[in-house]
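Accompanying notes for the structure given below.
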Amino acid sequence: MAFFDRWVLTIILFWPLLASIWVLMLPKEKEDQIRRVSIWMSVVPLVLSALLFVDYGARFLPRGGGIHYDVQVTWIPQLRASYHIGADALSVPLIFLTALLTTLSLYYSARVIKHRVKEYFFLFLLLETGMFGVFMALDLVLFYVFWEVGLVPMFFLIGIWGHENRMYASLKFFLYTLVGSVAMLLAFLALYFHAGTFDIVQLAEKRPFADDIFKASLVFFGIFLGLAIKVPSWPFHTWLPDAHTEAPTAGSVILAGILLKLGAYGFLRILLPILPTAFAYWGFLMVILGVISIVYGAFVCMAQTDLKRLIAYSSVSHMGYVMLGLGAAGVALSGKVVPLSPDSAALAMDGAMLQMFNHGIITGALFFLVGILYERAHTRDLTAFGGLSGKLPYYYGIFMVAGFASLGLPGLAGFWSEFFVFRGAFDIVRVWAAIGVIGVVVTAGYILWRIVANVFLGEFNEERWGDKLWDMEGYEKATLWPLVLIMFILGLYPTPLVNFFNQAAVELLTKAGFMFH
Amino acid sequence: MVLKVVFLLISLFTVGSAFMVVTHRNLFSSALFLVASFFGVAALYVLLEATFLAVAQVLIYVGAIATLIVFAIMLTRGMMSGRTSPRNDQAVWAGLSSVVLGLVLLYVVVYRVRWPVVEKPVPPDTIERLGSALVGPYVIPFEIASVLLLAALIGAVLIAREREI
Amino acid sequence: MFDTSTFIRLLPELILLVTALVVIFVDLYARRRTALGLLPGLSIVGLALSFLAVFAQWGTREVVAQTLAADTFAAFFKMVAAVAVILVVLASVRYMRARTRYVGEFYAFLLVATLAVYIAVSARDLITLYLGLETLSIVSYVLTGFLRDDKRSNEAAIKYFLYGAVASAIMLYGFSLLYGVTGTTDLQEIARRLLNGDVLVNMEWLAWPAIVLVTVGFAFKASLVPFHQWAPDAYEGAPTPVTMFLSTVSKATGFAVMARMFLVAMPALQSSWTALLYGLAVLTMTLGNLIALRQTSVKRMLAYSSIAHAGFILMGLVAVTTALGQPFNGLDGVLMYVVAYAFTNAGAFAVVAAVEDGTGGATLDHFAGLVGRAPFLAAAMLIFLLSLAGVPPLAGFAAKLFVFAPVVRQEYYVLAVVALINAVLAAGYYLKVVKQMFFVEEPERAPFAVARSMRWALWLMIIAVFGVGIFMNWFAFMASQGAAGMLGL
Amino acid sequence: MVPLSWYLTVAALLFVLGLYGVLSRRNAVAILMGVELMLNAVNINLIAFWRYTRPDNVAGLVFAIIVLTVAAAEAAVGLALFIALYRLRETVNVDEIDLLKG
Amino acid sequence: MDTLLVLIPALPFLAFITIVLVTNHDKKLSASLTIGATAISWLLGWYFAFRALLHPEHYASHPMRWEVPWFPGGHSVFVTGFQVDVLTAAMLFMVPFLCLLIFIYSLGYMEGDPRFSRFFAYLALFATGMLGFILADNMLLAFIFWELMGVCSYLLIGFWSFRKPGETHIDHAQVVRARNASLKAFITTRVGDTVMLAGMVLLYAMTGSLRWSEVLSHETLEMLAHKVTTVPIFGAAPWATVLAILIFWGAIGKSAQFPLHVWLPDAMEGPTPVSALIHAATMVSAGVYLIIRTFPLFHIVEGYNGAMWFVAFIGTFTAFFAATIGVAQFDIKRVLAYSTISQLGYMFAALGIGAYVAAAFHLIMHAFFKALLFLGSGSVIHAMHHGHHVVHEHGHHEDLGGLEFNPNDMRFMGGLLKKMPITGWTFIAGGLSLAAFPVVTAGFWSKDEILAEAWHNGHFWVFWTLAIAAFLTAFYTGRQIFMTFFGEPRTEAAKHAHESPKTMTYPLIILAFFAIAGGWVGIPETFPVLGHIGRGWFQSVIATQAEAFHIHVEHIPFNPTPALISMAMALGGLAVAWLIYGTRPLGFEDPLERPLNGLWTVLHNKYWIDELYQNTIIAFAKWLSVTLYKFDDVWVIDPFVDGVGRFGRWLAFTTRRFIDEQIIDRLVNLTAWVSNLLGEWFRQIQTGQVQNYLLAILLTVAVLLLLGVV
């Protein structure tokens with residue numbers, strides 16, 4: 001057990017890197033071997049992260065959570081920066097999500113990517129290490145390193161395997177994110193100078209700038225910019241539609257499924273614990289941005305004719321719930337609003353965290369589905385279709401499940417995040433939450449009115465599509481079933497996940513000085 | 001007083017020659033004025049009781065540099081003819097800003113700053129001191145200077161040599 | 001005053017000098033084919049030995065022959081220079097062989113230039129300092145114009161020469177004023193006299209002009225805007241290995257000299273030179289990046305990028321704290337940046353050289369679809385460009401971390417924001433090259449091979465770029481020691 | 001005795017004149033002459049300072065000698081470059097060489 | 001034993017899963033699975049229902065329950081489960097039973113449909129939703145099932161919303177109508193649901209729980225009634241009122257009350273069994289059930305009670321409003337749809353005036369007779385369709401007065417009683433019940449009770465409005481019966497119609513029994529003579545439940561005035577209908593069309609509410625979305641840069657490099673553009689002339705020195 005505790009995270013973290021190096025050393029003609037190696041290698045972190053989930057749930061969750069499996073090795077002693085990784089109730093599910101989506105993406109890509117195979121799998125595995133790193137890092141320098149490591153492969157994934165406008169999209173993605181990350185780096189340095197360490201755990205104890213709200217705010221906004229661009233919160237979202245639309249299918253899946261979560265994760269891992277006063281002070285701003293994201297994103301979706309772009313904008317809307325939940329918790333933390341129920345702050349955060357996970361699953365599935373259709377039709381124009389429900393019933397069924405989950409239908413995973421977020425937010429920022437509710441209605445509108453009505457209902461265009469469209473194949477089903485199953489299971493019984501996230505939320509809030517009565 | 005008059009004359013000569021250097025249309029004349037100016041500077045050194053430097057000035061500048069320049073003018077023949085303007089398009093701007101810079105320098109360096117002047121005679125053994133300084137505390141610059149000269153010569157030869165192919 | 005210990009202290013310089021002479025002699029007397037194979041090897045051996053000699057004396061802090069300082073600061077730069085020149089030599093083997101007959105002289109000049117760098121970075125006297133810089137300059141002019149039958153090379157050399165001559169004359173004027181007010185050429189002594197009350201009264205008027213005039217010379221070496229204009233032309237026209245040298249070693253020397261001059265001789269005037277350097281830093285990074293955005297030649301683009309990087313390096317000096325013992329004091333940022341940048345930029349130019357060898361040019365178009373034609377070069381270029389963009393875990397990130405930090409510490413928010421914007425601008429045009437190499441596909445162009453020595457050089461630099469980034473601690477340690485060793489001699 | 005400031009004035013004038021020459025002449029050799037004037041101005045400064053402030057310390061003289069030497073070396077290399085330029089392009093007018101720009 | 005509660009919703013769900021995953025290809029097996037599962041659920045349901053109904057005193061306050069912890073939230077744990085109290089039991093009596101009957105009916109109705117199995121899967125899923133909803137012991141779980149029903153409704157309304165290649169029996173117009181109807185249904189109800197969600201989360205926040213037993217406990221309610229909040233625009237109000245109104249919006253959507261009623265008539269595009277089940281008997285009445293369930297929350301505020309007033313207003317208005325529209329419709333199902341809306345309005349009106357028991361009673365009774373009517377109309381449509389098909393095959397083409405044939409259109413029917421007697425008579429039974437034909441029908445007893453309560457409690461506006469609505473109800477019911485079953489067949493299709501198969505007619509007969517006799521369990525004790533038969537059993541049972549909720553149920557004495565008015569209205573309506581439609585042969589034009597003229601147009605066009613929404617809210621939403629998107633697009637890509645980009649794209653055909661540069665130009669939009677512009681400017685400085693560079697040095701130095709001097 002001690003061995004497991006000490007090494008599991010490191011192995012999960014660097015296994016994909018090893019795999020990527022292995023791939024790099026294979027000759028590029030042996031495409032099948034490259035595919036096999038990548039997929040099977042990526043199963044290892046998946047299994048380990050599942051084990052991690054179970055193990056944490058069994059051993060630590062009942063005993064009050066906390067950071068475990070931590071490893072700390074001095075890295076830059078002069079700066080007191082170290083290789084410090086660990087996992088708590090917040091990161092364990094996200095690590096699992098990362099591993100799962102990566103494996104599915106690799107499996108799906110193995111069939112779809114036929115061009116520059118070696119580079120593709122190399123980059124994808126590298127990307128996985130970057131994402132794991134962010135979820136594990138407990139040191140700001142390390143966090144930043146992995147944050148950026150994830151950036152580059154995605155840049156290439158979009159730029160090489162993307163669609164027509166891929167160069168523009170990839171550049172935009174990279175530069176946008178870079179703006180944020182450099183600002184974040186500056187803020188990290190400010191934290192360091194105030195507290196003398198880069199260690200997230202220690203910083204959370206020292207709480208730099210606790211008494212100087214002006215400076216705390218400066219630092220806060222430095223980090224905020226980096227995170228909000230990644231989330232992306234309105235008005236920093238404009239890179240996202242392009243990047244998502246142009247990325248290859250698996251790239252969009254990872255982008256939406258994991259990379260956006262990195263931003264939200266940063267809020268919880270860095271901003272809230274280290275700068276609780278600023279987080280509370282600016283909580284209201286986050287609420288407003290979140291609500292704008294929700295409503296704005298949803299309305300913009302209604303105007304789309306590009307299927308993938310629509311899903312992309314829906315991500316803006318859905319990540320708005322995360323912001324709303326976090327912001328509401330911040331407002332509660334500030335004490336300016338006393339919620340009726342002491343649990344509201346925690347519930348809002350539960351909702352935000354759940355939304356992180358669920359959005360990963362649901363939007364991941366939706367992007368896979370869009371990709372499947374695109375592979376056949378080579379167009380994303382949703383008005384070009386019609387009546388596919390008769391021609392592709394299986395596809396229709398799966399899409400409906402994912403679509404309904406996305407619009408927050410009770411009984412599917414997406415509902416819980418909305419419910420929790422609104423449960424928390426309604427108690428804390430009533431009016432804004434009420435405005436946010438509009439987004440829920442509009443979401444139903446764009447999923448059904450834009451997508452389902454245009455693509456699946458109506459008449460099938462026999463001349464144009466004839467035999468060009470066929471129903472899902474085995475590997476496509478295999479890619480989507482795990483996600484659909486998770487949607488169902490979490491929809492009916494979200495308990496395992498909520499157990500984790502609620503633990504994390506309570507812990508974070510307590511440490512940030514929130515008083516549960 | 002005499003010294004002052006002498007100084008004024010020398011410096012007028014020097015500066016005047018220098019002025020001709022930078023304004024004369026004919027390049028060869030410019031070169032001659034340059035030599036004149038160098039001599040004037042050497043005379044100023046004498047006034048400053050730095051005779052060794054005066055000699056060195058004459059030897060190096062007049063003997064070496066000016067000769068080099070003349071050589072170069074000859075090698076790049078045809079350039080002393082005044083067919084085209086010797087001045088480029090920005091001459092006016094250059095003049096104006098040079099005047100501004102000159103005024104500022106004079107204002108600061110000559111007018112504003114009180115230099116820590118000491119009334120001391122020049123020690124008679126200055127040349128010995130200079131010699132021992134060059135192999136004493138300043139041996140490194142001295143050696144480097146020789147390396148520099150060697151390198152510059154090889155480089156100059158390398159670059160200026162006629163094409164062999 | 002000359003004893004064995006002095007010779008031991010001067011061993012690195014002597015090794016270089018001897019090697020240079022040996023190279024010239026071998027070139028004179030050996031048969032051409034033997035010489036071609038032998039010369040780079042000899043030079044590398046000499047440089048490596050000299051590197052070891054420096055390294056062996058790491059940690060000393062003493063005055064050598066009155067005008068040189070054997071301290072860790074100088075040693076740091078010497079080691080960077082030695083390693084960088086080794087890389088330059090490796091990268092130039094095929095390149096120079098194809099372009100000139102005077103290979104022996106080329107390596108000898110490189111060695112002499114290195115020697116000049118050694119002198120300049122350790123000079124603690126205005127005279128030595130001037131001479132070191134000037135030697136470096138003159139040798140650099142020759143190196144730049146080395147391809148004498150190439151119009152561009154010649155033009156570059158002439159511009160460099162004229163610019164350098166004027167800049168150094170202006171600097172000299174500044175030196176003369178400093179000498180006039182303090183009556184000494186010893187840096188330490190200057191500092192001491194500047195603290196003297198009478199002198200200070202005079203300095204009230206003289207400080208700013210002296211600083212401005214002196215800075216012109218250093219800024220020229222370090223190619224800071226607006227004293228940078230020679231650089232793009234010279235970088236573009238010079239033989240690419242020379243550009244490697246100019247953009248790394250020569251530039252680093254400028255910073256070393258500037259740091260020593262300001263920190264050792266003028267600590268009393270810190271507020272003045274900080275203000276000046278602040279302005280220069282902002283101008284340098286912004287202008288460099290903006291112009292780089294518009295370039296179509298990769299070589300020229302990198303030239304502008306290296307100008308912009310000078311601005312970043314300068315941030316370290318702007319925000320320097322005199323408490324040199326602590327991490328993130330600013331000076332260690334300069335050192336970190338210099339070392340990271342040396343490998344990275346040298347690498348990028350090396351790739352440019354290789355691409356020129358393979359395709360005959362270095363415009364963006366020549367880089368199109370490079371990944372299909374020379375995947376190793378493309379990958380190497382990618383790594384270097386990412387490092388230049390400051391992406392972790394590469395060297396460039398470590399460098400950025402160490403120069404951003406002091407700026408944040410000193411709370412120069414404007415500078416920080418400018419730097420932030422510039423980091424992004426820079427990434428913009430680096431990605432342009434990446435895009436050309438990876439996203440554009442040119443199946444009809446033939447693959448080409450890379451010289452073995454170039455491969456070696458690139459591998460070394462890739463390893464170094466990763467090494468500096470990942471084992472930042474070791475380099476940070478060296479840098480902080482280097483920084484701490486400078487004062488007090 | 002002649003005041004120091006007189007020497008300084010002459011030096012400053014020479015310096016500025018040299019600079020003007022550098023900036024305004026088209027011919028490369030003429031530009032080089034301007035540079036030499038500037039260096040001479042510096043030397044006047046150095047020697048004047050030596051004479052008036054520290055006649056017993058020869059540092060100023062040493063500096064002047066070094067400057068002289070460097071000037072010679074510089075002139076050699078510069079002229080060599082000009083000759084090469086002339087050979088390549090049949091001109092030594094500096095404002096005509098602008099292959100490298102932008 | 002209480003654990004078996006889980007099975008009631010779980011069995012149909014299992015059937016759904018099995019059909020979708022396994023037996024989709026086997027129609028018979030799929031149908032039997034659904035019907036079998038529902039049958040077991042029905043038996044189980046009745047077991048629990050009767051257990052509760054027979055011992056109301058106990059189970060009203062101590063429901064049978066099964067529960068599990070669900071998830072933690074902050075420091076508390078949310079427990080979920082199923083429960084059966086008396087109120088649930090009443091529903092549990094009705095719901096599975098009706099489901100079963102309608103499923104059996106569907107066997108015949110859907111025969112030959114290519115997606116027969118899928119239909120039964122959806123039905124099973126719906127059964128899950130409805131059963132789960134009534135059984136849920138907390139609002140959250142109830143909400144989940146509530147939405148599940150919404151999905152099923154959506155899926156089933158849109159069941160014919162697409163055409164498979166080669167599928168010919170569905171025409172294009174119908175595909176489009178079905179598609180739009182399904183979307184409209186889902187999104188309209190979603191509006192209400194979302195408001196309700198807001199209410200629910202607020203309730204949760206206020207009380208820390210969503211369990212019925214905890215939320216509706218007296219202490220909690222007292223707290224909610226006394227805490228006051230400020231609502232924007234409306235001013236101060238007790239929390240209870242605010243929450244109640246928010247929750248009521250869910251019911252407005254689901255039960256198709258004004259102003260969210262527009263979806264229900266369109267929902268008739270779905271197959272008729274769906275209309276019967278979902279859009280008449282169960283799902284739409286779930287809204288009423290929800291309000292009955294949460295009635296204590298509505299009721300708790302003393303003095304001026306905004307929530308009750310609101311419910312009463314909406315209910316009464318809708319009852320009247322929908323009835324007027326029903327008068328002027330030709331589609332047999334649409335008439336019923338409006339009647340459903342109207343009847344649901346009755347129930348809400350009843351709740352609004354505090355007639356808790358009456359509302360529940362009418363809910364159950366209405367479910368039976370309205371299901372019957374729908375199934376009957378389905379049978380008629382089935383027959384008409386068949387008849388039309390036969391006629392069509394024989395090549396007859398007849399003049400329909402310039403109208404398109406539509407099997408639903410009553411104008412094309414007539415005299416069907418002879419052709420299909422079982423359908424006819426059962427339909428008439430249902431119709432009479434709906435019209436509240438005095439004494440014998442179930443509808444009379446339930447409706448009468450509402451009117452009596454309104455009269456008794458002095459809500460005269462409510463009373464008279466409802467009374468007029470009752471008249472209208474009787475009138476349009478009569479109109480429907482006369483147009484459909486009496487007179488002579490007006491088309492060939494009607495002539496060739498014949499009776500439906502047994503799977504369809506048997507359920508009709510069973511339902512007809514309940515439509516008539518069902519009401520007898522609720523004859524008020526005080527009613528003259530008949531009161532002794534039923535002894536108000538139903539009322540007393542439900543009253544027990546109400547008492548458990550601290551709601552006082554008044555045993556109102558018999559008052560002949562409202563009873564007589566009620567009877568008069570019902571009989572009057574039928575009589576007028578007979579006068580207009582029953583006494584002379586009808587053409588393709590409605591006899592009222594001319595005399596009413598403008599009013600007819602208004603009614604026939606449903607007051608143009610649809611058009612109103614289309615041109616206001618929906619138009620606004622579309623405009624907003626397009627505008628925002630443009631804003632997004634325009635904002636991201638500066639118009640100028642965009643123009644440059646377009647120009648570049650045009651040039652791309654000649655040179656690829658150009659477009660590359662253009663793309664780079666658009667790098668970071670405006671910023672990039674500005675940077676590039678600046679870059680270009682600065683690039684100009686680099687003239688290539690070394691003396692220019694040197695002048696730059698000089699200028700810099702001069703300026704810097706001047707700065708020092710000044």
Side-chain angles (χ1 to χ4, degrees), chain C residues 125-128 130-131 133-135 137-139 141-142 144-145 147-162 164-166 168-186 189 229 232-238 291 294-297 300 303, chain D residues 4 8 11-12 15 18-19 22-23 28 31-32 34-50 52-54 56-57 59-60 62-67 69-71 73-89 92 94 97-102:
Chain C
D125 186 285
L126 287 181
I127 297 172
T128 327
Y130 168 69
L131 199 56
L133 276 184
E134 202 59 24
T135 311
S137 294
I138 287 173
V139 176
Y141 308 149
V142 175
T144 306
L147 306 178
R148 62 206 190 90
D149 300 330
D150 180 68
K151 282 183 186 174
R152 294 168 160 267
S153 174
N154 179 258
E155 175 176 335
I158 286 182
K159 288 180 177 172
Y160 189 13
F161 167 73
L162 290 176
V166 172
S168 74
I170 294 174
M171 175 181 75
L172 261 185
Y173 196 85
F175 280 179
S176 75
L177 296 182
L178 262 184
Y179 168 69
V181 78
T182 57
T184 178
T185 55
D186 186 292
E189 192 63 24
Q229 288 186 289
D233 296 359
Y235 286 6
E236 194 188 353
I291 305 181
R294 299 293 308 161
Q295 299 304 321
T296 48
S297 155
R300 201 167 173 85
Chain D
L4 170 63
L8 297 183
F15 188 79
L19 196 53
V22 168
L23 293 179
I31 296 173
L32 188 62
V35 173
E36 298 302 338
L37 284 178
M38 291 167 80
L39 292 177
N40 266 286
V42 172
N43 266 0
I44 295 176
N45 259 3
L46 286 171
I47 293 171
F49 283 134
W50 161 76
Y52 285 86
T53 61
R54 297 268 166 152
D56 48 349
N57 183 335
V62 173
F63 209 154
I65 289 173
I66 297 292
V67 172
T69 323
V70 169
E74 215 170 57
V77 170
L79 290 168
L81 285 171
F82 299 155
I83 287 166
L85 170 69
Y86 182 74
R87 209 166 43 225
L88 286 169
R89 303 203 196 171
V92 283
V94 169
I97 55 165
D98 55 354
L99 275 179
L100 304 164
K101 64 179 170 192

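Chain letters run A, B, ... following the sequence lines, proteins first, then strands; residues in each count from 1.
Within the 4.5 Å cutoff, no side-chain heavy atoms of N45(D) are placed close to those of Y179(C). Using a 4.5 Å cut-off on side-chain heavy atoms (C-beta onward), L88(D) and R148(C) make no contact.
No other option in V42(D), V77(D), N43(D), L4(D) has as many heavy-atom pairs under 4.5 Å with chain C as V42(D). Listed options Y52(D), W50(D), F15(D) were ranked by heavy-atom pairs under 4.5 angstrom with chain C; first place goes to F15(D). Contact count versus chain C (heavy atoms, under 4.5 Å) is highest, among G78(D), G34(D), A59(D), for G78(D). Ranked by non-hydrogen atom pairs under 4.5 Å with chain C, the options V67(D), I97(D), V62(D) are led by I97(D). In terms of heavy-atom pairs under 4.5 angstrom with chain C, the leader among D98(D), L99(D), V35(D) is L99(D). In terms of heavy-atom pairs under 4.5 Å with chain C, the best-connected choice from L85(D), V22(D), L46(D) is L85(D).
A pairwise comparison of heavy atoms in R54(D) and G183(C) identifies CG-O, 3.7 Å as the closest pair. Here the closest non-hydrogen pair linking I138(C) and A73(D) is CD1-CB, 4.0 Å. When every heavy atom of I66(D) is checked against every heavy atom of I127(C), the shortest pair comes out as CG1-CG2, 3.8 Å.
For chain D, the nearby part of L162(C) is the side chain; its heavy atoms alone come within less than 4.5 Å. Heavy atoms closer than 4.5 Å to chain D are found nowhere in A234(C), neither backbone nor side chain. Only the backbone of D150(C) comes within contact range of chain D, with at least one heavy atom under 4.5 Å from a heavy atom of that chain. Proximity to chain C is limited to the side chain of L19(D), based on heavy atoms less than 4.5 angstrom apart. Of the two parts of S297(C), neither the backbone nor the side chain holds a non-hydrogen atom closer than 4.5 Å to a non-hydrogen atom of chain D. The parts of V70(D) that come within reach of chain C are both its backbone and its side chain, each placing non-hydrogen atoms under 4.5 angstrom from that chain. Neither the backbone nor the side chain of Q229(C) comes within contact range of chain D; no heavy atoms are under 4.5 Å apart.
Between F63(D) and F175(C), the angle of the ring planes lies from 30° to 60°, which puts this pair in the tilted group. Note on ring orientation: taking the six-membered ring where Trp is involved, the planes of F82(D) and F161(C) are perpendicular (angle over 60°, cut-offs 30° and 60°).
Residues satisfying the side chain to side chain contact (heavy atoms under 4.5 Å, CB included) test with A76(D), not counting sequence neighbours, are L68(B), A156(B). Remark: T69(D) engages A145(B), L149(B), I65(D) in a side chain to side chain contact (heavy atoms under 4.5 Å, CB included) (not counting sequence neighbours).
A side-chain donor-acceptor contact under 3.5 Å links K159(C) to the backbone of L100(D).
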